Amino acid sequence: MGIKDLLRFLKPYIKPIHIKKYAGKRVGIDAYSWLHKGAYSCSMEICLNMEGHKKFQYLNYFMHRINLLRHYKITPVVVFDGGNIPCKDATGLERDRRREVSRGLAMDKLKEGNVNAASELFQRAVSITPSMAHQLIQILRSEDIEFVVAPYEADAQLAYLSSLEVDNGGIVAVVSEDSDLLAYGCPAIVFKMDRYGNGEEIVLNKIFESSDHVPSFRHFDIELFAGMCVMAGCDFLPSVPGIGIVKAYSLVSKYRNLDRALSVLKFEKGNQMPEDYLKSFREAMAVFQHARIYDADSKSLKHIKPLPEKLLQSLDQDLDFLGPEMPPSMAAAIAKGDLDPSTMEAFDHCPSSTTYLKFSMKFQTCDQLPRQEATAISTEETCFSIISSHKARKERTAEMGWIAMLEEGKYSNEAMKLEKLVSPLSTQSIEESTKITDEISLKAPDNNPFRKRKLAELELDQLENVTEQLSVVTEAEKMEISWVKTESQESVDSKPIKMMMTDGKKRAKSEKLKRDNCLNSENKKSSILNFFCRV
DNA sequence: GGTTTGTTCAAAT
DNA sequence: TGAACAAACC
C-alpha cells in the first residue's frame with residue numbers, strides 16, 4: 001500500500017524510462033510485487049492448490065522479467081520480505097480478513113457453478129505464501145540469481161542495499177511498486193515496470209534539488225520527507241482524519257521541523273488525534289530510518305542507520321516495534337532462504353519427507369541456539385541441491401527455458417520442439433520438481449512469536465508515563481503554536497498544490513501512450529528473440 | 001475550490 | 001492492489 005497518494009503527488013518528478021538505462025548495473029527487485037502480479041494469472045489454481053502446472057505460472061511471470069533484465073545486461077538482486085513487524089500487524093490482519101471473505105465468496109460461486117465469478121473473487125483472495133516465495137528461491141538458486149530474504153521489510157533491505165557501494169553488494173536502483181521505498185530514502189526507484197522493460201522512475205535527489213517543480217522539496221531533507229510520508233498515512237500508522245498528503249506537505253514544508261509541525265497538527269486536530277499518536281509517529285519514523293536489515297558482510301542483523309542514544313532513551317530502549325532482535329545464525333539462515341521467516345521453521349527440501357527442523361521460538365534462547373540446530377542449518381545443502389542433486393545443471397537450465405517458453409503461448413509449439421532437442425523433459429517431471437512443500441501447510445501466523453513477550457514484561461505504568469510525556473504540549477509550546485498558526489494558514493492557503501490532472505497533461509498522456517505502444521512492439525520483438533537465444 | 005474519502009474497474013494470459 | 005473517478009467534507 002505504501003504512502004497514501006504519494007506517487008500521485010510526486011507526478012512532476014516521475015519520468016518514463018526503459019530499464020535498459022541500467023545496463024551493466026546491479027538493480028534490486030522487490031520480489032513481492034512481481035510475485036503478486038504473477039499470481040493473478042493463476043489465483044484460482046493457487047487458492048485451491050489445484051493439480052497441474054498452471055499454479056506455477058507466477059514463476060514464469062517472475063522469471064520472464066528476470067530474463068528481460070539479464071537480456072539488457074542488468075544484474076538482478078531479488079529481495080524477499082521476511083517477518084511482519086509489529087506495527088504493521090493492523091494492516092496485515094485487515095488484508096487477511098478481506099482475503100478470507102473473498103475466498104469464501106469465491107467458493108460459494110464455484111459451488112454454484114459460476115467459474116468466471118469465482119475466478120474474479122479468487123484474484124482478490126490470493127496471497128503470497130512463504131512456500132511460493134521459496135519455490136521461486138529454488139529457481140533463482142539454480143539460475144545463479146542473487147537473492148536475499150530480509151529479516152523483516154524488503155523495502156528496508158532494498159534501501160540498505162542502495163546505500164552500499166557496488167563492490168560491497170550495493171545496488172543502484174530498485175524495481176518495485178511500493179512508494180514506501182521513498183520514505184526509506186531509496187535513491188532511485190522504477191515503478192510500474194511492464195514486461196517490455198518500460199517503467200516510471202523517481203530519483204530522490206532530483207526531488208530535493210529541483211527548483212522548477214511544484215510541489216518543491218528544495219528545503220526538505222530525507223528526514224522531513226519521511227515525516228511528511230508518515231503524517232500522510234503509511235502502513236505503520238494511519239493519518240489523522242482529514243490529513244492527506246497535501247496537508248502533510250504543507251505543514252512540514254512550512255515549519256521545516258517535525259516537532260513543530262506535529263505540535264501544530266495536535267493543536268488543530270487534537271480532538272481527532274489518537275492518544276498515542278505521537279509515540280506511534282516516532283516509532284513509524286524509526287522504522288523508516290533505523291529498520292533492522294541483514295548485513296551480508298557481518299552476516300548478522302543490523303539497523304539501516306544506528307540509533308542515536310537520545311532516540312533510544314526516548315523509546316525507552318524498547319525496539320521490539322522494529323521486529324525483535326535475533327541471533328546471527330538465524331538472520332543468516334533466513335537471508336539464505338533456508339528458514340521460513342514467519343514460522344522460524346526450516347523449509348522442507350524434500351517432497352517425500354515430512355520431517356523438518358524447528359528453531360526454538362523463545363526469545364530467551366535466541367542468544368544461545370542449540371549448536372546442533374544452528375550448524376545443521378548453516379552447513380546443510382541448499383534445498384535445491386538436495387532435490388536436484390541427481391540432476392545435471394544443464395537439465396535445470398533447460399527446465400527454465402521451458403518455463404519461459406510457456407509464457408509466450410503463441411510460440412509454444414516452436415519452443416517445445418526446440419526444447420525437446422535440448423532435453424526430453426516431460427511436463428510431469430517439471431511438476432514434480434516444483435512441487436516441494438505443498439504437503440506441509442506453511443501458512444504463516446501473522447504475528448511473530450517473539451514480540452508478545454516484551455510487551456507483557458513492560459511495566460504498564462512505564463508505558464503510560466512514556467505516552468504522557470509524548471502527548472503533553474507545554475504552555476510555552478501552546479504559545480508558540482498560536483503564533484505559528486496564523487502563518488500556517490497563510491502558507492497552506494496561498495499556495496494550494498493541485499493533484500488533479502489538467503487537460504493539457506491528459507493530452508500529453510494520451511500522446512505518450514501512442515509513443516509507448518510503438519516502442520512496445522519493438523521491445524516485444526527483442527524480448528521474444530531473447531527467449532529463442534536462451535534455448 | 002481544494003482535499004479527503006469512498007467506489008469501481010482492470011490487472012495476467 | 002492501484003489508479004481513476006465521484007461524492008462528501010471543510
Side-chain angles (χ1 to χ4, degrees), chain A residues 1-11 14 30 32-47 52-65 68 81 91-92 94-99 101-102 116-117 119-128 176-180 191-196 199-200 214-215 228 231-235 238-251 265 268-269 271-272 403-412 489 491-503 505-506 509-510 513 520 524 527-528:
Chain A
M1 211 169 86
I3 313 299
K4 226 169 65 184
D5 281 328
L6 181 64
L7 292 183
R8 198 150 58 103
F9 192 60
L10 295 179
K11 205 97 190 177
I14 298 178
D30 176 11
Y32 181 85
S33 60
W34 285 359
L35 277 171
H36 207 271
K37 280 190 180 180
Y40 280 116
S41 61
C42 49
S43 48
M44 183 154 74
E45 287 74 11
I46 290 171
C47 287
H53 67 255
K54 202 187 168 190
K55 92 180 149 186
F56 299 115
Q57 190 72 17
Y58 67 93
L59 297 171
N60 289 342
Y61 178 98
F62 203 104
M63 292 312 291
H64 177 282
R65 287 178 180 221
L68 179 82
D81 277 295
T91 47
E94 173 59 20
R95 277 178 206 175
D96 285 352
R97 196 192 58 80
R98 277 190 214 160
R99 283 189 187 123
V101 170
S102 297
N116 282 343
S119 181
E120 206 168 288
L121 286 160
F122 277 125
Q123 288 178 351
R124 289 184 220 173
V126 73
S127 63
I128 305 303
S176 175
E177 304 300 320
D178 197 342
S179 54
D180 275 347
F191 295 100
K192 302 184 182 71
M193 195 192 92
D194 67 15
R195 66 156 114 175
Y196 309 113
E200 297 177 346
V214 177
M228 175 191 78
M231 206 180 281
C234 63
D235 283 353
S239 67
V240 174
I243 300 298
I245 188 72
V246 177
K247 295 253 173 75
Y249 167 81
S250 301
L251 282 168
L265 183 65
E268 290 180 347
K269 298 270 180 184
N271 50 340
Q272 295 177 73
I403 289 173
M405 284 296 194
L406 193 74
E407 194 171 27
E408 296 290 332
K410 275 189 257 175
Y411 304 94
S412 59
Q489 282 308 111
S491 121
V492 173
D493 295 340
S494 60
K495 276 190 183 174
I497 307 294
K498 287 186 185 170
M499 290 188 39
M500 317 262 254
M501 270 201 288
T502 61
D503 286 345
K505 280 184 184 166
K506 278 181 187 165
K509 195 179 173 186
S510 80
L513 268 175
N520 283 350
K524 190 172 182 179
S527 176
I528 293 161

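None of these values were measured; they are calculated from a predicted model. By convention in this document, chain letters (A, B, ...) are assigned in the order of the sequence lines, proteins followed by strands, and residues within each chain are numbered from 1.
For A:Lys247, taking side-chain heavy atoms from C-beta onward, the closest of the listed nucleotides C:dT1, B:dT3, B:dT5 is B:dT3. Which of C:dT1, B:dT3, B:dT13 sits closest to the side chain of A:Val246 comes down to B:dT3. In the set C:dT1, B:dT3, B:dA12, the nucleotide with an atom closest to the side chain of A:His36 is C:dT1. Distance from the side chain of A:Leu7 is smallest to C:dA3 among C:dT1, C:dA3, B:dT5. Distance from the side chain of A:Lys192 is smallest to C:dA3 among C:dA3, B:dT5, C:dT1.
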Pairs counted only when both distances fall under 3.5 Å, Watson-Crick or G-U: show me the 5' to 3' dot-bracket for DNA chain B, [ ] for pseudoknotted crossings and | for other-strand partners. ||||||||||...
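For A:Arg98, the side-chain hydrogen bond (donor to acceptor under 3.5 Å, both in side chains) partners at least two apart in sequence or on another chain are A:Glu94. Applying the side-chain contact (heavy atoms from CB on, under 4.5 Å) test to A:Lys37 and every residue at least two apart in sequence or in another chain returns A:Tyr61, A:Glu177. Residues forming a ring-ring contact (aromatic ring centres under 6.0 Å, His included) with A:Phe191 (at least two apart in sequence, or on another chain): none. With sequence neighbours left out, the side-chain contact (heavy atoms from CB on, under 4.5 Å) criterion links A:Ser102 to A:Arg124, A:Ala125. For the side-chain hydrogen bond (donor to acceptor under 3.5 Å, both in side chains) test, residues two or more places apart in sequence or in another chain that qualify with A:Asp30 are A:Ser176.
No contact: A:Arg124 has no heavy atom under 4.0 Å from any strand.
Contact between the side-chain N/O atoms of A:Arg195 and the OP1/OP2 oxygens of B:dT13 is found at a separation under 4.0 Å.
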